[in-house]
Amino acid sequence: MKYQGDPPQEELATGERSTRNRVARSILDHGPSTVTDLAKRVGLTQAAVRRHLDALVADGVVESREQRVYGARTRGRPAKVFALTDCGRDAFDQSYDKLAADALRWIAAHSGEEALLTFARARMASQAEGYRAAVESAAPEDRTEALARALSADGYAATARSAPEPQQGEQLCQHHCPVAHVAEQFPQLCEAETEFFSSLLGTHVQRLATLAHGDGVCTTYVPRSGHHTAPAPQQAPQTQQTISSSSASKAGRNPA
């Protein structure tokens, strides 16, 4: 029975997460910590800290280990401390996007735009083995779906679906892109990805939309075998000249 004045369950859950974040943040700021140290810093009982640590360990954010002892060791077992995992560190602000963008900007300044495309192609080539195995193990009609599953395993949240009529093909949709912020500045990443998809699927594919370009999803049109026509527009009919112009403009968009 719910008593009047009780806080809603979602508020209780939010409070739990907030306190848990404080515990994790304290470990980030101070390094591996004992339960006693954490309890003092965040103003909780040791029992409450242990409860939050158990949840953080279950989520893969924190791990426990023996405290390192420098100098002469005292009797007894070393105290247990809790440290952030790599996953836990990634949950806090990082500068990886800025670092990557700075590196690519340096390549462009010192080696030219073509070097950026060479790098982007090499990046895709380094990932080719797993994707190629997934695609080639599938029946030809299931290869777009197989590629979507492989992309999802790498964090792209990808799906495959039939393209709307009268198109004769499929749409490969990536609802997340781990490098979208960098690809906004360097469309060569998207260009290389589109080329890679074409090579994997054995057909010319067309990038219709990208997260990096501000679209809600990265969408790639994959024609069915024997059908290589560009997707028809969804609004008014277009002339062949307009379709060619639109296709050319979207070729430079960023892939997801």
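Computed over heavy atoms, backbone and side chain alike; hydrogens, waters and symmetry mates excluded. Nothing here was measured: the structure is a model prediction, and the numbers come from that model.
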- Task: Give the C-alpha distance, both sets of side-chain angles, the deciding distance and a yes or no for side-chain contact (heavy atoms from CB on, under 4.5 Å) between Val49 and Thr45.
- Result: CA-CA 6 Å; Val49 168; Thr45 64; over 6 Å; no
So, do [X] and [Y] sit near enough that their side-chain heavy atoms are less than 4.5 Å apart?
X	Y	result
Leu172	Leu151	yes
Ile27	Asp37	no
Thr118	Arg121	no
Thr34	Phe82	no
Val57	Glu63	no
Met124	Ser199	no
Tyr156	Glu193	yes
Arg105	Gln185	yes

Which heavy-atom pair separates [X] from [Y] by the least distance, and what is that distance?
X	Y	result
Thr36	Gln46	OG1-NE2, 3.5 Å
Cys218	Leu211	SG-N, 3.1 Å
Cys87	Gly60	CB-O, 3.7 Å
Ser126	Arg123	OG-O, 2.6 Å
His30	Ser33	CB-OG, 4.4 Å
Ala134	Ala150	CB-CB, 4.0 Å

Rounded to the nearest 0.5 Å, what separates atom [atom1] in [X] from atom [atom2] in [Y]?
X	Y	atom1	atom2	result
Leu147	Asp142	CG	CG	12.5 Å
Gln206	Tyr221	CD	OH	8.5 Å
His204	Ser198	NE2	OG	7.0 Å
Gln127	Asp154	CD	CG	6.5 Å
Leu201	Tyr131	CG	OH	12.5 Å
Phe197	Leu200	CZ	CG	8.0 Å

- Message: Are more than 12 heavy atoms, taken from residues, nucleotides or ligands other than Glu129, located less than 6.0 Å from that residue's CD atom?
- Response: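 No, because the 6.0 Å sphere around CD of Glu129 holds 12 heavy atoms or fewer from other groups.
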- Is atom CZ of Arg161 surrounded by more than 12 heavy atoms (other residues, nucleotides or ligands) closer than 6.0 Å?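 Atom CZ in Arg161 is not crowded, with 12 or fewer foreign heavy atoms closer than 6.0 Å.
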Tell me whether [Y] is reachable from [X] by hopping between hydrophobic residues (I, L, V, M, F, W, Y) whose side-chain heavy atoms are closer than 4.5 Å.
X	Y	value
Ile107	Val182	yes
Leu84	Val42	yes
Trp106	Leu116	yes
Leu56	Leu28	yes
Leu44	Leu38	yes

- Query: Taking it one step at a time, do Lys98 and Asp102 satisfy salt bridge (Lys or Arg N to Asp or Glu O under 4.0 Å)?
  - Reply: CA-CA 6 Å; Lys98 184 178 184 304; Asp102 287 346; 3.0 Å; yes
When you compare the side chains of [X] and [Y], does any donor N or O come within less than 3.5 Å of an acceptor on the partner?
X	Y	value
Thr159	His175	yes
Arg224	Thr203	no
Gln171	Thr219	no

- Arg25 bridged to Asp29 by N-O distance under 4.0 Å: yes
- Would you call Glu145 and Arg143 a salt bridge, taking side-chain N to carboxylate O under 4.0 Å as the test? no
- Message: If we ignore hydrogens and angles and just use 3.5 Å, is the side chain of Ser152 paired with the main-chain N or O of Ala158 as donor and acceptor?
- Response: yes
